[in-house]
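For this chain, numbers begin at 1 and follow the sequence in order.
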Amino acid sequence: TGNSNSAAGRRCNRGGEKMRLKHHAGVRACSRKGRLSMQKPELLAPGGSLEKLKTAIDYGADAVYVGGEAFSLRVAAENFSLEQLKEGLEFAHERGKKVYLTANILPHNADIDEFRKYIKEIEPLGFDAVLVADPGMMEIVKENAPAEIAFCERMGVRFSSCNCRR
């Protein structure tokens, strides 16, 4: 019986060096010559409104996830206008924090062209990642924005980052 969490063959890049990526008890770590160096877990909080985003960051969140007025399943949240997204990103980035945009709908064919336009519109804002739930949406983000892409739990993977950065 081997370690089912082993990620043999996968690599991470830390400090310009390629190292083995290992999983142990759900914690991602890089090892180099037998030494294990743990990555600090990220405290991710919902930013349901501009006020909640600021509160989460002021109280120690490393990152927040927000939804725009379109393409987000954050129905219970107030969601953000384009101006509020800009203000929230500036607030977070000035404090060294990250903001992830949720674009996690499961689209109909009629949504695709509008989503492509939306991604091009929000791309200059500088989101740290876009959370998607659909492989087709992931491809559109990859083609139109240099943001990191993370799959949301609706794909069965809970906020697991991939190496999709261009």
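Applying the side chain to side chain contact (heavy atoms under 4.5 Å, CB included) criterion to E51, with sequence neighbours excluded, gives S49, T55. Remark: E87 pairs with K54 by the side chain to side chain donor-acceptor pair (under 3.5 Å) rule, at least two apart or across chains. Not counting sequence neighbours, the partners of A63 by the side chain to side chain contact (heavy atoms under 4.5 Å, CB included) test are E42, L44, K98, Y100. D62 pairs by the side chain to side chain donor-acceptor pair (under 3.5 Å) definition with K40, not counting sequence neighbours. Checked against side chain to side chain contact (heavy atoms under 4.5 Å, CB included), E83 has the following partners two or more places apart in sequence or in another chain: S81, K86.
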Step-by-step side chain to side chain contact (heavy atoms under 4.5 Å, CB included) determination, V141 to F115: CA-CA 9 Å; V141 173; F115 181 67; 3.9 Å; yes

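Taking the charged nitrogens against the carboxylate oxygens, E139 and K142 do have a contact shorter than 4.0 Å, which makes a salt bridge.
For the pair T102 (side chain) and V66 (backbone), a donor-acceptor distance under 3.5 Å is present. Of the possible donor and acceptor atoms, one in the side chain of D128 sits under 3.5 Å from a partner among the backbone N and O of V99. The backbone N or O of L73 sits less than 3.5 Å from a side-chain atom of N104, completing a donor-acceptor pair. In terms of modelled atom types and a separation under 3.5 Å, the side chain of D111 and the main chain of H108 share a donor-acceptor contact.
Between atom CG of residue L89 and atom CZ of residue F80 there is a gap of 9.0 Å, rounded to the nearest 0.5 Å. A distance of 14.0 Å separates CD1 in I119 from NZ in K117, rounded to the nearest 0.5 Å. Considering NE2 of H93 and CG of L125, their distance stands at 10.0 Å, rounded to 0.5 Å. With values rounded to the nearest 0.5 angstrom, I122 atom CD1 is found 5.0 Å from L101 atom CG. Atom CZ in R116 sits 10.5 Å away from atom CE in M137 (nearest 0.5 Å).
No single ILVMFWY cluster, assembled from side-chain heavy atoms under 4.5 Å apart, contains both L53 and L43.
Heavy-atom minimum distance, E123 versus N144: CG-O, 3.6 Å. Here the closest non-hydrogen pair linking A103 and V130 is CB-CG1, 3.9 Å. Closest non-hydrogen pair, N79 versus S72, comes out as OD1-OG, 4.3 Å. Between K97 and A61 the shortest heavy-atom distance is CD-O, 3.3 Å.
Each ring-ring contact (aromatic ring centres under 6.0 Å, His included) pair with one or both residues in residues 118-141, not counting sequence neighbours, appears once here: F71-Y118.
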